[in-house]
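Worksheet: one structure, shown below.
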Amino acid sequence: MENEHTGSRRNQWTFLTNHARVLIAIARDPGVRLRDLAAICDLTERTVQTIVTDLEADGYLTRTRDGRRNRYAIAPGARFRHPAEAGREIAGLLAYLAGPVTGPTASAAQASPAGAGAPPGEDRGAGEA
C-alpha cells in the first residue's frame with residue numbers, strides 16, 4: 001500500500017540539483033566534454049549546455065578554449081545562491097563531493113587546517129549550488 005512517504009513520486013527527489021551535479025563533475029575533470037558530462041549526470045547534452053551557460057553567466061565558472069576542446073575553471077570564492085547558505089563558499093561542498101578541486105580554487109580548498117578540503121569555518125553540509 002502506498003502512502004505519501006512511500007509513493008513512487010516521493011522516491012524521485014535528490015539532494016543535489018542538476019546544476020550542482022554538473023559543477024561537481026567539472027570540479028573532478030575541468031577538461032570534461034559536454035557529451036561526457038551529460039552521461040555522468042544522466043542528462044541530455046542540451047540540458048548540460050544550458051547548465052554550463054548558466055554557471056558561466058552567474059560567475060561560477062570560466063570556459064577557455066584548449067585546442068579543439070573547452071577547459072573549465074571554477075571561480076574562486078563562488079558562493080551559494082540560496083539565502084539559507086548565503087555567504088558560504090561552494091569550495092567546501094565541491095571538495096567534499098568531488099575530492100580536491102583543481103584550478104584556481106584548489107589552493108583555498110587544500111589550505112584547510114584540518115586537511116579535509118573545506119575552507120576554514122565552512123560547513124560540510126549539503127546544499128544546492
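In what follows, residues are counted from 1 in the order of the sequence shown.
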Please report the interatomic distance CD1(Ile26) to CD1(Ile74), rounded to the nearest 0.5 Å.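 It is 7.0 Å, given to the nearest 0.5 Å.
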So, taking the atom named OG1 in Thr53 and the one named CD1 in Ile51, what distance separates them when rounded to the nearest 0.5 Å?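 Here the interatomic distance stands at 10.0 Å.
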Please enumerate all residues that pass side-chain hydrogen bond (donor to acceptor under 3.5 Å, both in side chains) together with Arg65, with sequence neighbours excluded.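 Asn70.
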Quick one: does [X]'s side chain get under 4.5 Å of [Y]'s, heavy atoms only?
| X | Y | result |
| --- | --- | --- |
| Phe80 | Leu93 | yes |
| Leu55 | Tyr72 | no |
| Ile24 | Leu16 | yes |
| Arg21 | Thr14 | yes |

Residues two or more places apart in sequence or in another chain: which of them pass salt bridge (Lys or Arg N to Asp or Glu O under 4.0 Å) with Asp36?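 Partners of Asp36 under the salt bridge (Lys or Arg N to Asp or Glu O under 4.0 Å) test: Arg33.
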Which atoms form the tightest heavy-atom contact between Asp66 and Arg71, and what is the distance?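 Taking Asp66 first and Arg71 second, the nearest heavy atoms are OD2-CD, 4.1 Å.
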Closest non-hydrogen atom pair between Ala27 and Ala98, with its separation: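 Minimum heavy-atom separation between Ala27 and Ala98: CB-CB, 3.9 Å.
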Identify, with sequence neighbours excluded, every residue that meets side chain to side chain contact (heavy atoms under 4.5 Å, CB included) alongside Asp58.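 Scan of Asp58 (side chain to side chain contact (heavy atoms under 4.5 Å, CB included), adjacent residues dropped) gives Tyr60, Arg81.
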Is the side chain of Arg79 donor-acceptor paired with the backbone N or O of Ala86 at a distance under 3.5 Å, no angle test?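 Not a single qualifying donor-acceptor pair exists.
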Do side-chain atoms of Arg69 reach the backbone of Val32 as a donor and acceptor pair under 3.5 angstrom?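 Between the backbone of Val32 and the side chain of Arg69 there is no qualifying donor-acceptor contact (under 3.5 Å).
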Does anything in residues 48-57 pair up under salt bridge (charged side-chain N to carboxylate O under 4.0 Å, His left out), and if so which pairs, sequence neighbours excluded?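 The answer is Glu56-Arg63.
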Which donor-acceptor pairs under 3.5 Å do side chains of residues 37-45 form with protein atoms, sequence neighbours excluded?
unit_1, atom_1, unit_2, atom_2, d
Thr44, OG1, Thr47, N, 3.0
Thr44, OG1, Thr47, OG1, 2.8

